> 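Can you keep this structure in mind? I'll have questions shortly.
As the structure lists them, so they are numbered: ligands from 1, and atoms in each ligand from 1. Since the model is a prediction, treat every value here as computed from it, not as a measurement.
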Amino acid sequence: MSIHTINNNKKVTLSTIAKMKGKEPIVMLTAYDALFAKLFDGKVEMILVGDSLNMSFLGKNDTLSATMDQMIYHTQAVCNGAELPLIVLDMPFGSYSTVDDAIHNATRAYRETDAQAIKIEGGKERAHIVEALTQNSIAVLGHIGLMPQFLRSDGGYIIRGKTKDDIKRLVEDAKALEKAGAFAIVIEGVKEEAAKAITKAVKIPTIGIGAGNSTDGQVLVWSDMFGFFEAFKPKFVKEYMGGAQMIREGVDQFVDEVKSREFPSEKYSY
Ligand code: KIV
């Protein structure tokens with residue numbers, strides 16, 4: 001394993017990300033608090049304050065009930081913890097249904113946090129919203145393919161890009177977002193062939209999650225990849241650490257030492 005220097009230890013900007021397309025894979029992780037953001041600082045190009053926090057941190061079954069207040073609170077925490085990565089606030093379900101709502105809520109994201117960009121889910125049908133935001137000086141990360149905010153209306157998490165027609169639709173979505181001014185696009189839960197076609201069709205970087213190895217970058221949800229989220233495990237998640245098990249062992253040891261009066265020993269007493 002090599003340890004990589006990210007952007008020469010300088011703040012990552014939108015232009016840093018743009019220049020990486022086709023040159024060096026972009027690494028993005030989610031973070032929801034200052035503690036973990038600080039651990040990721042200087043190690044990844046981008047941090048996404050994902051509405052996935054509604055599941056892993058709030059314990060809900062899906063992302064749909066996340067609110068703008070919640071996203072702002074967690075983004076403030078992440079911005080307090082990390083200086084160098086480009087930080088993106090994930091706009092929650094219902095916060096960008098109309099152009100007015102999108103501008104109002106994304107303006108809050110910029111005014112109340114130090115995030116450099118926001119993310120919204122949707123393709124062609126949301127291009128007019130992306131355009132309105134970018135024309136109002138708000139940087140937008142798109143998100144197409146499997147879109148968790150469409151879970152209930154789609155009737156499940158559905159892998160996309162299995163047919164030529166669907167690949168064509170996804171490519172059109174990506175092109176519409178690019179034309180509307182998105183600076184990059186997250187592609188989630190699509191067949192590798194589709195992700196490859198989308199990445200080739202646009203000049204802006206694509207960042208994949210469950211989209212194979214042809215995108216310009218990769219993102220994973222930190223609580224999945226470090227083994228803390230145990231409710232379910234999608235195929236694309238590689239577990240880099242057995243986090244939940246480590247915590248359980250630590251708690252067991254603490255309980256045992258308190259019960260047996262081994263802790264606190266003299267070393268830990270005044
Ligand atoms: O909310 C989130 O964490 C996301 C990632 C899965 C890209 O949108």
> Can you say whether the rings of Phe229 and Phe232 are parallel (under 30°), tilted (30 to 60°) or perpendicular (over 60°)?
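Aromatic pair Phe229/Phe232 classed perpendicular.
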> Any protein N/O atoms within less than 3.5 Å of an N/O atom in ligand 1? List the atom names and distances, or say none.
residue: ligand 1; atom: 1 (O); partner: Asp51; partner atom: N; Å: 3.1
residue: ligand 1; atom: 1 (O); partner: Asp51; partner atom: OD1; Å: 3.0
residue: ligand 1; atom: 1 (O); partner: Ser52; partner atom: N; Å: 3.0
residue: ligand 1; atom: 1 (O); partner: Ser52; partner atom: OG; Å: 3.3
residue: ligand 1; atom: 1 (O); partner: Asp90; partner atom: OD2; Å: 3.1
residue: ligand 1; atom: 3 (O); partner: Ser52; partner atom: OG; Å: 2.6
residue: ligand 1; atom: 8 (O); partner: Lys119; partner atom: NZ; Å: 3.1

> The criterion is salt bridge (Lys or Arg N to Asp or Glu O under 4.0 Å); which residues satisfy it with Lys11, sequence neighbours excluded?
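Salt bridge (Lys or Arg N to Asp or Glu O under 4.0 Å) check on Lys11 returns nothing, list empty.
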> For Thr206 and Thr199, test the side chains for any donor-to-acceptor distance below 3.5 angstrom and give the result as yes or no.
yes
> Mind listing the side-chain donor-acceptor pairs of residues 73-87 below 3.5 Å, one per line with the distance, residues two or more places apart or on another chain?
residue: His74; atom: ND1; partner: Tyr32; partner atom: O; Å: 2.8
residue: Thr75; atom: OG1; partner: Met71; partner atom: O; Å: 2.6
residue: Gln76; atom: NE2; partner: Glu112; partner atom: O; Å: 2.8
residue: Asn80; atom: ND2; partner: Gln76; partner atom: O; Å: 3.3

> Quick one: side chain to side chain donor-acceptor pair (under 3.5 Å) pairs with a partner in residues 36-51, sequence neighbours left out?
Asp51-Gln149
> Determine, for Glu193 against Lys164, whether the closest basic-nitrogen to carboxylate-oxygen distance falls under 4.0 angstrom.
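Answer for the salt bridge query: yes.
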